[in-house]
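Accompanying notes for the structure given below.
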Amino acid sequence: MEYSTLADEILRGVGGKDNVNSVVHCATRLRFKLKDTSKADAAGLKENPGVIMVVESGGQFQVVIGNHVGAVYEALVKGSALSDSGDDSGEKGSLFARAIDIISGIFTPFIGIMAASGILKGFLALALACGWMVPESGTYKVWYAASDAIFYFFPLLIGFTAGKKFGGNPFVTMMIGGAMVHPLMIAAFDAQQSGTAVEHFFGIPLIFINYASSVIPVILAAWVSCWLEKRAMKILPSALRNFITPLICLMVVVPLTFLVIGPVATWASQQLANGYQFVYHISPMIAGAFMGALWQVCVIFGLHWGLVPLMINNFSILGHDTMLPLLLPAVMGQVGAVIGVMLRAKDARTKALAGSAISAGIFGITEPAVYGINLPRRRPFIFGCAGGALGAAILGYFQTTAYSFGFANIFTFTQIIPPTGFDKTVTAAIAGTLIALVFAALATYFFGMKEEAAAPEIIEKAKTEAVQAPRGKTLIASPMTGSCIALDQVKDPTFASGLLGKGVAIVPTTGRVVSPVNGTIASLFKTHHAIGIESDEGAEILIHVGIDTVKLDGKFFTPHVAVDAVVKQGDLLLEFDMQGIADAGYDLTTPVLVTNSDDYLDVIPAGVGQDAGEQTPLLTLLR
């Protein structure tokens with residue numbers, strides 16, 4: 001699939017390259033730092049077929065793409081020369097928002113490999129518990145090194161990404177991290193622990209700490225290095241900056257790290273871990289219910305990044321973490337809610353979309369489930385959170401613990417196996433997660449699908465209604481002349497899945513688009529290939545002429561209206577050159593969608609498989 005067009009549309013939607021300070025991506029979303037959020041067109045981006053959702057939170061403008069976000073990010077960076085680096089020193093915003101942005105900017109670049117390493121650690125724990133391997137075997141040692149390398153050398157990776165985030169030379173900050181885990185320093189730490197040696201730096205006693213797997217010390221050291229670098233760059237002559245500035249940073253910050261920054265940050269890390277343990281042990285069951293209920297809410301707004309360093313810090317200081325397991329029921333609760341929707345739904349497109357969301361959710365990617373299925377229907381999302389609270393309370397009661405870091409998914413079960421082998425905490429994790437999933441699925445199936453309440457005979461009757469509909473129904477007329485086909489026959493998975501709304505598609509025979517309702521022009525794409533209309537009755541209608549015709553950049557399209565124009569049913573909105581578009585190699589199939597379909601009991605196409613003329617009945621909306 002070609003992602004450059006989507007990347008260009010997203011860049012225009014956020015206000016252009018000049019409005020972007022930096023951009024990074026996580027598992028499913030692009031995270032922009034914008035200079036002026038008022039220049040971004042969030043509503044327009046939400047209408048884009050390639051965008052699932054737009055969220056503004058934590059000082060970031062987040063565009064949810066899905067599993068192929070990496071490819072879109074590469075196309076975006078390649079086409080615009082943007083980068084994920086940025087200087088936050090002068091940015092405004094709340095302290096909390098800036099903290100969330102810094103944390104996500106530091107950790108997102110290696111989030112995938114960090115999750116993969118955690119899964120591999122879990123598999124090795126399972127292999128030991130089942131007797132498939134022994135720690136002395138070469139196979140175990142090789143795979144253990146592969147799984148542990150990222151965690152052992154955290155200071156190097158975090159040094160690099162923190163340097164980019166703070167706007168300094170990332171290779172300098174990476175070298176500072178490397179010095180923290182250098183074999184000489186580890187040996188000095190071991191000697192100091194045994195009491196055989198005391199080292200000094202110009203007469204000042206050094207406090208050696210094993211910084212392997214640590215997080216907070218290197219972040220603070222990187223910030224100090226970048227601060228010093230920026231000031232040195234202003235003072236030094238241009239001929240000396242490239243090598244004298246790194247020299248100053250290394251000579252000053254590395255000893256300062258061992259003398260002050262590292263010990264203070266390590267003390268703070270220990271207090272943070274002890275504080276979490278104190279709060280958790282007041283009532284593990286309540287802590288579990290709280291996390292299980294609110295985790296997905298935090299994910300929606302991107303606030304979950306504030307808890308990631310806490311989990312990593314727990315592993316670094318305590319060697320284990322009790323927060324990560326609590327997230328597993330929260331994830332599977334949303335998966336269970338989607339299962340309930342899929343089992344109850346009668347619409348084939350909803351079932352197909354739910355099926356793909358279930359697959360992604362099992363592996364820890366819940367955005368398709370939340371944004372595509374549960375959140376628009378409200379009740380399934382609530383039932384998913386309730387199931388998560390119920391299941392996580394069980395895990396909290398049994399104090400289920402994870403022994404390697406990762407992100408909550410089906411593989412997390414292997415990461416909670418204690419070094420001593422299977423015990424009741426593993427059983428509790430399985431039971432609690434299944435309860436979360438089953439509860440959410442059953443609650444959604446029986447109580448979460450209001451749109452299925454319409455009786456079949458009412459729906460069947462609606463298909464034959466005339467243009468004048470009784471109260472409780474809204475009629476949408478055809479905006480063009482052509483042949484009607486079912487939406488699931490459109491050769492574009494975003495339209496065919498119904499993700500953007502229910503409706504129908506028309507293969508046009510004339511190059512005209514007229515207004516299907518009395519209403520107001522809500523949006524007109526710059527490329528003029530798509531028009532959004534809000535009817536006087538509240539229906540939000542999208543008419544998208546052709547498939548991928550955005551790539552024509554407006555060629556062959558002539559608009560006759562502007563945004564905010566008031567139109568009457570039958571008014572000419574747009575003309576297009578059918579032959580020109582076809583000769584350019586584009587499919588003219590035109591989806592006509594009700595983008596706020598969830599506000600209606602059902603959206604019923606009329607005349608699928610038949611010809612439609614302008615102003616003939618096309619869709620019936622049931623309230």
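Both backbone and side-chain heavy atoms feed into the values below; hydrogens, waters and symmetry mates do not.
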I want to check something: taking the side chain as every heavy atom from C-beta on, are L475 and L618 in contact at a cut-off of under 4.5 Å?
no
Start with the C-alpha distance between I485 and V504, add both sets of side-chain angles, then the distance that settles side-chain contact (heavy atoms from CB on, under 4.5 Å), and finish with yes or no.
CA-CA 6 Å; I485 63 173; V504 72; over 6 Å; no
Could you check whether any side-chain N or O of N374 sits under 3.5 Å from a backbone N or O of Q334, counting only pairs where one atom can act as donor and the other as acceptor?
yes
Testing the basics here: between A40 and L34, what is the closest heavy-atom pair and its distance to 0.1 Å?
CB-CD1, 3.9 Å
Before you tell me yes or no, could you show the steps for T161 and F107 under side-chain contact (heavy atoms from CB on, under 4.5 Å), namely the whole-Å CA-CA distance, both residues' side-chain angles and the distance that decides it to 0.1 Å?
CA-CA 7 Å; T161 56; F107 286 98; over 6 Å; no
Please check this pair: side chain of K351 against backbone of A345, looking for a donor-acceptor N/O pair closer than 3.5 Å.
yes
Working to the nearest 0.5 angstrom, can you tell me the gap between K551 NZ and T5 OG1?
4.5 Å
By the definition side chain to side chain contact (heavy atoms under 4.5 Å, CB included), identify the one residue from E9, H528, H544 that meets it with V550.
E9
May I ask you to decide whether D602 forms a salt bridge with K502, counting only side-chain N to carboxylate O separations under 4.0 Å?
yes
Would you say the side chain of V20 lies within less than 4.5 Å of the side chain of K33, judging by non-hydrogen atoms?
no
Taking everything shown except N242 itself, do over 12 heavy atoms lie less than 6.0 Å from its CG?
no
Got I506 and P479 here, is their nearest side-chain heavy-atom distance under 4.5 Å?
yes
Minimum heavy-atom distance A539-I476, with the two atoms named:
CB-CD1, 4.4 Å
Would you check if the side chain of E575 reaches a backbone N or O of V513 as a donor-acceptor pair within less than 3.5 Å?
no
side-chain contact (heavy atoms from CB on, under 4.5 Å) between T549 and I547: does it pass, once the steps are laid out?
CA-CA 5 Å; T549 46; I547 305 301; over 6 Å; no
All side chain to side chain donor-acceptor pair (under 3.5 Å) counterparts of D36, not counting sequence neighbours:
S38
With sequence neighbours left out, write down each residue that passes side chain to side chain donor-acceptor pair (under 3.5 Å) with T173, or none if nothing qualifies.
none
To the nearest 0.5 Å, what is the distance between NZ on K17 and CG on L76?
10.5 Å
Taking the side chain as everything from C-beta on, heavy atoms only, tell me whether D577 gets closer than 4.5 Å to Q579.
yes
Do any pairs count as a ring pair (Phe, Tyr, Trp, His ring centres under 6.0 Å) and have a residue in residues 550-588, sequence neighbours left out, and if so which ones?
none
Which residues pass the side chain to side chain donor-acceptor pair (under 3.5 Å) test with D548, not counting sequence neighbours?
none
Enumerate the salt bridge (charged side-chain N to carboxylate O under 4.0 Å, His left out) contacts for residues 517-532, please, sequence neighbours excluded, ordered by first and then second residue.
none
Looking at residues at least two apart in the chain, or sitting in another chain, which of them share a salt bridge (Lys or Arg N to Asp or Glu O under 4.0 Å) with E534?
none
Mind checking side chain to side chain donor-acceptor pair (under 3.5 Å) for T595 and listing every partner two or more places apart, or none if nothing turns up?
none
With sequence neighbours excluded, residues passing salt bridge (Lys or Arg N to Asp or Glu O under 4.0 Å) with R241:
none
Any sub-3.5 Å donor-acceptor pair from N596's side-chain atoms to E540's backbone N or O?
yes
With sequence neighbours excluded, tell me which residues meet ring pair (Phe, Tyr, Trp, His ring centres under 6.0 Å) with F160.
F171
Pairwise side-chain contact, I604 with L619, heavy-atom cut-off 4.5 Å (strictly under)
no
Does G44 offer a backbone N or O that forms a donor-acceptor pair with the side chain of D41 under 3.5 Å?
yes
Does anything in residues 504-521 pair up under side-chain hydrogen bond (donor to acceptor under 3.5 Å, both in side chains), and if so which pairs, sequence neighbours excluded?
R512-E614
One should read off an interatomic distance between M480 CE and T616 OG1, to the nearest 0.5 angstrom, of 12.0 Å
Rounded to the nearest 0.5 Å, what separation is found between the CZ atom of R31 and the OG atom of S22?
12.0 Å
Looking at every heavy atom in both A612 and S478, which two are closest together, and how far apart are they?
CB-OG, 4.0 Å
D571 side chain to K568 backbone, donor-acceptor under 3.5 Å:
yes
Grab the two heavy atoms, one from D611 and one from S483, that are nearest each other, plus how far apart they are.
OD1-OG, 2.9 Å
Residues two or more places apart in sequence or in another chain: which of them pass side chain to side chain contact (heavy atoms under 4.5 Å, CB included) with V331?
Q296, T366, A408
Where do I531 and I521 come nearest, in terms of heavy atoms and distance?
CG2-CD1, 4.1 Å
Minimum heavy-atom distance L588-A582, with the two atoms named:
CD1-CB, 4.5 Å
4.5 Å side-chain heavy-atom contact, V51 and V64
no
By side chain to side chain contact (heavy atoms under 4.5 Å, CB included), which residues pair with A71, not counting sequence neighbours?
Y3
Measuring only between side-chain heavy atoms, which start at C-beta, is L487 closer than 4.5 Å to L593?
yes
Distance from L573 atom CG to I533 atom CD1, nearest 0.5 Å?
5.0 Å
Would you say the side chain of F61 lies within less than 4.5 Å of the side chain of V23, judging by non-hydrogen atoms?
no
Check whether any side-chain N or O of T527 sits under 3.5 Å from a backbone N or O of G554 as a donor-acceptor pair, and report yes or no.
no
Quick one: CG on L621 to OH on Y600, what's the gap to the nearest 0.5 Å?
5.0 Å
Dump the intermediate steps for side-chain contact (heavy atoms from CB on, under 4.5 Å) on T620 and T474, then the final yes or no.
CA-CA 6 Å; T620 301; T474 300; over 6 Å; no
